[in-house]
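Right, one structure below, let's go through it.
In what follows, every heavy atom counts, from backbone to side chain, and hydrogens, waters and symmetry copies are set aside.
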Amino acid sequence: MLPILGLLLALKFSQTLPPRKGAPETTPAVEAHVGRGYELEKDDRFAKAAEEFEAALALAPQLERIRYQLAVCYFSLGRDRDARREFEVLRGQTHNDPSVAYFIGRISLAERDFDGAIREFRSIVRRPPFPDTAYYLGAAYLENGNLRASEEWLKRAEPLNQRDFRVPDRLARIYQREGRAAEAKKAYERAAVLRQSYNRAAEEGVACSRALERGTPAEARDSCATLFRPDDPDQLTLLGMIYGQHGLYEEAVAPLQRAAWLDPDSYEIEHDLGLTWFRLKRYQEARAPLERAVALRPDFFDSNALLGAALFLLKDDVKAYGVLQHAHQLNPDDRDTTELLFKLASILAARNFEARNYSDAAKYLLEAKNLKPQDPEVHARLAELYRRTGELRRAEIERQIASRVAAPARKKPAPSE
């Protein structure tokens with residue numbers, strides 16, 4: 001993956017914004033829009049994602065993480081004017097967060113406001129929010145004609161972006177303008193090698209995938225082995241994903257584990273590793289990477305739903321309940337999550353009822369009632385709970401509801417033979 005920006009890396013910023021005093025709390029409706037926005041963003045459907053974040057922002061205009069995701073979507077769509085507007089609002093809300101300055105610098109560079117871009121990147125380059133900050137500062141200086149400063153920052157960027165062919169390419173342009181022909185030739189050659197490596201990785205991925213489609217994993221081993229480069233997390237992740245797409249989950253584990261060790265801050269790698277262990281029904285092994293994925297990106301529905309399911313299967317019911325509640329808020333339309341949350345709420349309600357912990361039992365039953373208001377059993381159990389606690393009027397209301405919602409099921413005609 002070309003390290004131009006890595007929008008997946010940028011998405012993590014939404015979790016690092018300091019909460020602003022007085023900001024409104026989120027609501028299920030807001031979280032539902034945010035959850036759908038993240039899903040669309042994950043699939044590079046930025047136009048549709050922007051619509052979801054716009055809807056969420058209309059409901060909660062002071063939540064910086066939503067405005068940030070909307071701004072990132074605008075940026076990805078090339079809507080620089082809209083992106084700048086949202087990032088400028090964020091600049092005030094977040095007290096000049098470095099990631100906001102980074103994007104404003106990127107927009108200024110695209111608009112050929114080189115002085116503005118240099119100003120933004122210089123303000124954050126000592127403690128950069130993204131590893132390519134120094135590269136963009138060097139690129140801005142190059143466009144502005146300051147070759148000496150450009151060379152300084154591009155050389156600082158090189159060890160941070162060793163697989164990025166753009167760094168030696170820009171250095172070569174500096175050397176060429178300064179008449180340093182030999183150095184320019186070497187830099188261009190290095191850029192060509194890195195560019196070829198990037199192109200070769202894509203070709204190798206296609207070859208590996210085709211080999212797996214044609215034959216057995218043993219027969220495809222030679223084609224896929226070229227992707228296992230122990231110092232390249234991008235290619236290791238690609239290999240793990242290709243194995244996973246072909247149902248070869250055992251084979252996917254090793255490259256994904258190595259990639260996670262090399263890049264411990266990637267929620268995507270942790271999610272893929274957790275998903276792979278889950279598919280192997282190794283739920284204890286799946287738990288740790290999924291917990292890390294959720295910690296890195298709490299608003300990503302897939303990781304939350306998967307972690308909740310793993311915790312449920314590990315019988316860590318209370319923790320599973322909290323995770324599944326959040327997953328349901330992010331995507332209330334997902335049937336599997338709704339069913340699992342309902343089942344878990346019913347289990348926890350029964351357990352607390354048996355222990356005569358009626359307040360907690362009521363909490364879980366009310367959650368189950370919200371999830372399935374037409375379930376007669378939930379109303380019947382609530383009626384019994386209220387009877388036990390002396391709330392006879394509420395008990396009678398729930399008993400009547402239970403009878404009413406159960407009646408249609410009793411009246412259904414038997415299927416004709």
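When all heavy atoms are compared, the tightest approach of Ala110 to Asp80 is CB-OD2, 3.9 Å. For the pair Val34 and Ala56, the tightest heavy-atom approach, listed with the atom from each and the gap, is CG2-CB, 4.0 Å. Pairing each heavy atom of Asn304 with each of Ala327, the nearest pair is CB-CB, 3.8 Å. Nearest approach of Ala29 to Leu59, heavy atoms of both residues: CB-CD1, 4.1 Å. Heavy atoms only, all atoms of each residue included: Arg84 and Ile104 are closest at NH1-CG2, 3.7 Å. What you find for Ala349 and Ala361 is that their closest heavy atoms are O-CB, 3.6 Å.
Listed by chain and number, the residues in a disulfide bond (SG atoms under 2.5 Å apart) with Cys208 are Cys224 (sequence neighbours excluded). Remark: Lys343 engages no residue in a salt bridge (Lys or Arg N to Asp or Glu O under 4.0 Å) (not counting sequence neighbours). Remark: Tyr249 pairs with no residue by the ring-ring contact (aromatic ring centres under 6.0 Å, His included) rule, at least two apart or across chains.
Remark: of the listed residues Val89, Thr94, Asp97, Thr94 is the sole one forming a side chain to side chain contact (heavy atoms under 4.5 Å, CB included) with Glu64. If you run salt bridge (Lys or Arg N to Asp or Glu O under 4.0 Å) between Arg36 and each of Glu31, Glu41, Glu52, Glu51, only Glu52 comes through. Pro289 pairs in a side chain to side chain contact (heavy atoms under 4.5 Å, CB included) with only one of the listed residues (Gln257, Glu270, His271), which is Glu270.
Electrostatic pairing of Glu384 and Arg381 does not count as a salt bridge here, judged by no charged N lying under 4.0 Å from a carboxylate O. Salt bridge annotation for Asp169-Arg173: present, with a cationic side-chain nitrogen under 4.0 angstrom from a carboxylate oxygen. Arg335 has no carboxylate O lying under 4.0 Å from a charged side-chain N of Glu339, or vice versa, which leaves the two without a salt bridge. Look at Lys155 and Glu151 and you find a salt bridge, because one of the NZ, NE, NH1 or NH2 atoms lies within 4.0 Å of a carboxylate O, short of that distance.
The CZ atom of Arg112 sits 10.0 Å away from the CG atom of Asn144 when rounded to the nearest 0.5 Å. Rounded to the nearest 0.5 Å, atoms CZ (Arg126) and OG1 (Thr133) are 12.5 Å apart. Between atom NZ of residue Lys315 and atom CD1 of residue Ile347 there is a gap of 8.0 Å, rounded to the nearest 0.5 Å. Taking CG of Leu311 as the start and OH of Tyr321 as the end, the distance is 15.0 Å to the nearest 0.5 Å. Note that the CG atom of Asp336 and the CG atom of Leu306 stand 11.5 Å from one another [nearest 0.5 Å]. Here CG of Leu137 is found 11.5 Å from CG of Asp132. Values are rounded to the nearest 0.5 Å.
When side chains are defined from C-beta on, Ile397 does not count as touching Tyr386, because their heavy atoms never get closer than 4.5 Å. In this structure the side chain of Leu313 reaches within 4.5 angstrom of the side chain of Phe278, judged on heavy atoms. Between Asn352 and Lys363, every side-chain heavy-atom pair lies at or beyond the 4.5 Å cut-off. Between Tyr364 and Arg351 the shortest side-chain heavy-atom distance does not fall below 4.5 Å. Looking only at side-chain heavy atoms (C-beta outward), Leu256 and Leu236 stay at 4.5 Å or farther from each other. The shortest side-chain heavy-atom distance between Leu212 and Ile242 falls under the 4.5 Å cut-off. Side-chain contact between Leu366 and Leu382 is present, with heavy atoms from C-beta onward closer than 4.5 Å. At a threshold of 4.5 Å between non-hydrogen side-chain atoms, the residues Phe121 and Arg106 count as touching.
With Tyr135 as the aromatic partner, Arg166 meets the cation-pi criteria of under 6.0 angstrom to the ring centre and within 45 degrees of the ring axis.
Environment of CZ in Arg190: crowded, with over 12 heavy atoms of neighbouring residues, nucleotides or ligands closer than 6.0 Å. Within a 6.0 Å radius of CD in Glu213, more than 12 heavy atoms belonging to other residues, nucleotides or ligands are found. Atom CZ of Arg210 sits in a sparse spot, with 12 or fewer heavy atoms from other residues, nucleotides or ligands closer than 6.0 Å.
Side-chain contact, Gln325 with Gln329: no donor N or O sits under 3.5 Å from an acceptor N or O. Counting only N and O atoms by type, the side chains of Thr276 and Arg282 include no donor and acceptor under 3.5 Å apart. Side-chain contact annotation: Arg170 with Tyr141, donor-acceptor N/O pair under 3.5 Å absent.
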- Message: Let's go through Arg91 and Glu88 carefully: what are the C-alpha distance in whole Å and the side-chain angles of both, what is the deciding distance for salt bridge (charged side-chain N to carboxylate O under 4.0 Å, His left out) to 0.1 Å, and is it a yes or a no?
- Response: CA-CA 5 Å; Arg91 191 201 292 276; Glu88 290 290 359; 3.2 Å; yes

- Query: Yes or no on side chain to side chain contact (heavy atoms under 4.5 Å, CB included) for Thr237 and Asp272, after CA distance, side-chain angles and deciding distance?
  - Reply: CA-CA 8 Å; Thr237 303; Asp272 288 342; 4.2 Å; yes

- Message: Checking Leu341 against Glu367 for the side chain to side chain contact (heavy atoms under 4.5 Å, CB included) test, could you report, in this order, the C-alpha distance in whole Å, the side-chain angles of both residues, the deciding distance, and whether it holds?
- Response: CA-CA 9 Å; Leu341 181 58; Glu367 176 71 23; 3.6 Å; yes

- Going through the distances and angles, do His326 and Asp299 end up as a side chain to side chain contact (heavy atoms under 4.5 Å, CB included)? CA-CA 8 Å; His326 184 53; Asp299 289 335; 3.7 Å; yes

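Outside the 6.0 Å centre-distance limit, the rings of Phe75 and Phe87 are not counted as a close aromatic pair.
Note: Tyr136 and Tyr102 have perpendicular aromatic rings, judged against thresholds of 30 and 60 degrees for the angle between ring planes.
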